[in-house]
Each structure stands twice: as structure tokens, then as C-alpha cells.
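Data first, discussion second: the structure below is written as C-alpha cells.
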Amino acid sequence: MKVKYQVDHHMKLGKYAQLMKKVAARKLEDLLSRNIPHGDSSPPIVLVVGCGHSGTTLISARLGNHPDVLAIGRETRLLFPNRNSLSAASRIIDEWFYFCEHLNKKVVLEKTPKHIHLVERMASLTDNFKVVAMVRNPLDNIASLYKRFADIEYSVERWLYDNEALLKIQPDRRVKVVRYENLTSDPMRVFSEVSDFIGIVRSESVLAAGNTVYDVSALQGNMKIRQGQVRAEIRVNNGKWRDSLTDDCAEKILERTRPLAEKFGYDGGLWLA
């Protein structure tokens with residue numbers, strides 16, 4: 001069975017049955033309670049989403065350094081239907097709004113990459129949200145996933161599944177797509193555009209290397225690694241796929257990903273170097 005919003009999207013039948021049992025329980029919670037969506041008067045929520053290893057942590061960490069942003073220092077999986085009912089998610093958002101008001105922040109920012117598949121659930125909770133969606137060229141993105149999971153088929157599938165979901169929501173005016181290559185080659189321009197999009201003033205503070213919101217959280221696993229990486233100066237990081245993929249493997253990956261990659265403007269060029 002496949003559940004695309006799960007990191008391990010391949011699920012054995014027993015595990016899938018357990019997950020669906022939790023989903024059913026969360027739906028029952030919503031039937032027994034009244035969920036009141038938050039209107040436009042609430043602070044905007046910014047979801048950072050995208051395929052894993054596409055730069056979601058980097059852009060979230062730096063935006064979290066902006067004085068007007070309340071950044072949540074971990075991946076909450078708020079919208080996962082097996083984790084929270086809409087009613088429970090609404091109560092969590094209320095807490096975020098409370099801290100946003102009392103800390104004099106203007107925007108709440110949350111990063112869970114797999115929320116790329118669940119944006120419609122946020123629309124059920126509030127009218128006032130934006131989505132910053134990261135995309136990265138398939139070779140570097142898949143090579144990075146492969147380095148972590150040691151499964152090339154999984155890595156290719158994940159890139160395809162997550163970016164197919166991105167393509168579906170891309171026309172929405174509440175969605176801004178950011179290419180990783182643009183973020184790393186011209187960060188000032190990209191952060192200026194994103195700041196305008198989410199409604200905060202432009203600030204060079206987001207470019208400074210150093211501690212981020214992820215340094216105040218007790219993180220483990222991959223996020224512990226990212227915690228250190230996103231402190232560093234932003235620099236171009238293209239072509240790292242050659243460290244872990246053969247040319248033959250890369251060509252096979254391109255055969256499968258090229259039609260979708262081209263829709264995001266990846267038609268060859270410097271990212272192949």
C-alpha cells in the first residue's frame with residue numbers, strides 16, 4: 001500500500017490498517033466536535049513544503065530568523081490525518097496564534113515537507129495561509145535522498161510523488177514555488193520575493209549565518225544533521241549528485257523525471273554539471 005504523505009510511503013498491509021484505524025478515529029473526533037475555521041483576521045500561517053532534501057529546512061531556518069516570524073522549531077505533521085483531527089489541529093493553531101500575538105510576531109511559519117500532499121486540510125482550518133514550496137533538480141535531490149535512505153527506487157518515487165503534488169497546487173495564488181538553485185545562487189533576491197509574498201518587510205537578517213530556530217529544539221536523526229548545515233553561509237551546492245550516482249544511474253533517473261522536471265524549468269544546464 002502507498003500513502004504519499006508518509007515519509008515511508010510504502011506500507012505493509014498491517015501497518016496500513018493501523019494507520020487507517022487512526023484516520024477513522026480522527027474523523028470521528030471531528031463528527032463529535034465543532035471545528036470553527038479561522039478567518040482572515042487571524043495571523044497568516046506559512047507552510048513550507050516540498051520534497052525532502054530540496055531546501056525546506058534551509059529556507060525555514062532563515063525565515064525563522066526574521067523578527068516578524070514565529071517559526072515552529074520542528075516538523076509538527078499538524079495536517080497528517082492519522083495524527084490530528086481537524087478539531088485538534090485547530091486547537092494547536094490557536095496556541096500558535098496566542099504566542100504570535102504575545103511575542104509581537106506577524107506570521108506563523110511551520111515546515112513539514114510532506115504537507116505538500118495535505119494543503120487542502122489547511123484550507124479547511126483557515127482562510128489566511130500561504131505555501132512556500134521548494135523544488136530542486138532531480139539528480140541532486142534524488143542523490144541526497146539516496147544518501148540518507150540507501151534506496152534509489154524509493155528516492156526516485158519520492159521525488160516524483162512530492163513534485164506531482166506540487167504541480168497540482170502550483171496554480172493556486174497562495175502558493176509560491178522556490179527553486180533551490182535560485183535560493184542558493186541569489187539568496188537576497190529570493191528572500192526578498194518570499195518576504196513580499198508572505199507579507200513581512202525585507203530584512204537582511206535572514207541571510208546571516210549562525211543559530212536558527214532549530215537550535216532551540218531537541219532534534220534527532222536527519223533533522224539533527226540539518227540543524228548544523230543550515231547555520232552555515234548559503235552557497236551554491238549544485239552537482240553533488242556525482243558523489244553518489246554513476247552516469248548510467250543518472251541517465252536512468254533523468255529518463256523517469258525529465259517530463260516533470262521540465263515543468264519546473266529544469267531542462268538541463270548548470271545543475272547537470
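Model, not experiment: these values are computed from the prediction.
Here the closest non-hydrogen pair linking G64 and A71 is CA-CB, 3.6 Å. Between V7 and K114, the closest heavy-atom pair is CA-CE, 4.1 Å. Smallest separation of non-hydrogen atoms from L86 and D30: N-OD2, 3.0 Å. For the pair S203 and V206, the tightest heavy-atom approach, listed with the atom from each and the gap, is O-CG2, 3.2 Å. Of all heavy-atom pairs spanning A208 and N65, the tightest one is O-ND2, 4.4 Å. Among all heavy-atom pairs drawn from R121 and L79, the shortest one is NE-O, 2.7 Å.
Partners of D243 according to the salt bridge (Lys or Arg N to Asp or Glu O under 4.0 Å) rule, which considers only residues two or more places apart in sequence or in another chain, do not exist here. Every side-chain contact (heavy atoms from CB on, under 4.5 Å) that L207 has, sequence neighbours left out, goes to P187, M188, F191. For R26, the salt bridge (Lys or Arg N to Asp or Glu O under 4.0 Å) criterion is met by E29, not counting sequence neighbours. Every residue two or more places apart in sequence or in another chain that forms a side-chain contact (heavy atoms from CB on, under 4.5 Å) with Y16 is listed here: M1, V3, M11, M20. N237 is linked by a side-chain contact (heavy atoms from CB on, under 4.5 Å) to R136, Y180, K240, counting only residues two or more places apart in sequence or in another chain. D196 is linked by a side-chain hydrogen bond (donor to acceptor under 3.5 Å, both in side chains) to R202, counting only residues two or more places apart in sequence or in another chain. With sequence neighbours excluded, no residue forms a salt bridge (Lys or Arg N to Asp or Glu O under 4.0 Å) with R83. In this view, V132 and V46, V48, I59, V178, V194, F197, I198 satisfy the side-chain contact (heavy atoms from CB on, under 4.5 Å) rule, not counting sequence neighbours. Scanning for salt bridge (Lys or Arg N to Asp or Glu O under 4.0 Å) contacts around E193 gives K176, R189, with sequence neighbours left out.
In terms of modelled atom types and a separation under 3.5 Å, the side chain of N128 and the main chain of S42 share a donor-acceptor contact. Remark: side-chain polar atoms of N82 are not paired, donor with acceptor, to backbone N or O of K22 under 3.5 angstrom. Listed for the K111 side chain is no donor-acceptor partner under 3.5 Å among the backbone atoms of E75. T257 contributes a side-chain N or O that, together with a main-chain N or O of I253, makes up a donor-acceptor pair within less than 3.5 Å. In this structure, the side chain of S155 engages the main chain of D151 through a donor-acceptor pair within 3.5 Å. Under the 3.5 Å distance criterion, the side-chain polar atoms of H66 are matched with a main-chain donor or acceptor of V201. A donor-acceptor pair under 3.5 Å links the side-chain atoms of N84 to the main chain of L78, judged by distance alone.
With values rounded to the nearest 0.5 angstrom, D127 atom CG is found 8.0 Å from R174 atom CZ. Rounding to the nearest 0.5 angstrom, the gap separating the CZ atom in R62 from the CG atom in L183 is 9.0 Å. Distance check: I72 CD1 to E95 CD gives 10.5 Å after rounding to the nearest 0.5 Å. For the atom pair CG of L167 and CD1 of I116, the computed distance is 10.0 Å after rounding to the nearest 0.5 Å. Atoms SG and CD1, from C249 and I142 in turn, are 8.5 Å apart once rounded to the nearest 0.5 Å. A distance of 12.5 Å separates OH in Y98 from CG in L70, rounded to the nearest 0.5 Å.
Residue pairs satisfying the ring-ring contact (aromatic ring centres under 6.0 Å, His included) criterion with at least one member in residues 132-159, sequence neighbours excluded, are listed as follows: H9-Y154, F149-Y154. Residue pairs meeting the ring-ring contact (aromatic ring centres under 6.0 Å, His included) criterion with at least one partner in residues 105-125, sequence neighbours excluded, are F80-H115.
Contact annotation: the side chain of N137 approaches that of E181 to within less than 4.5 Å [non-hydrogen atoms, C-beta and beyond]. S60 is listed as a side-chain neighbour of L109, based on a closest heavy-atom distance under 4.5 Å. Between K105 and F99 the shortest side-chain heavy-atom distance does not fall below 4.5 Å. Using a 4.5 Å heavy-atom cutoff, the side chains of V156 and L145 are not in contact. Inter-residue side-chain proximity for V131 and D172 is flagged as unmet; no heavy-atom pair is nearer than 4.5 Å. The shortest side-chain heavy-atom distance between T76 and I92 does not fall under the 4.5 Å cut-off. A heavy-atom distance below 4.5 Å is found between the side chains of N163 and C51.
Using a 4.0 Å cut-off between charged side-chain N and carboxylate O, K4 and D162 make no salt bridge.
Annotation for E120: atom CD counts as buried by contact number, over 12 foreign heavy atoms lying within 6.0 Å.
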Run the side chain to side chain contact (heavy atoms under 4.5 Å, CB included) test on M122 and T126 for me, step by step, so that the C-alpha distance in whole Å, both residues' side-chain angles and the decisive distance to 0.1 Å come before the verdict.
CA-CA 6 Å; M122 179 56 75; T126 178; 3.5 Å; yes

Would E110 and W96 count as a side chain to side chain contact (heavy atoms under 4.5 Å, CB included) here? Give the steps.
CA-CA 10 Å; E110 194 278 346; W96 292 352; 3.8 Å; yes

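Cluster partners of Y161 are absent, since no Ile, Leu, Val, Met, Phe, Trp or Tyr has side-chain heavy atoms less than 4.5 Å from it.
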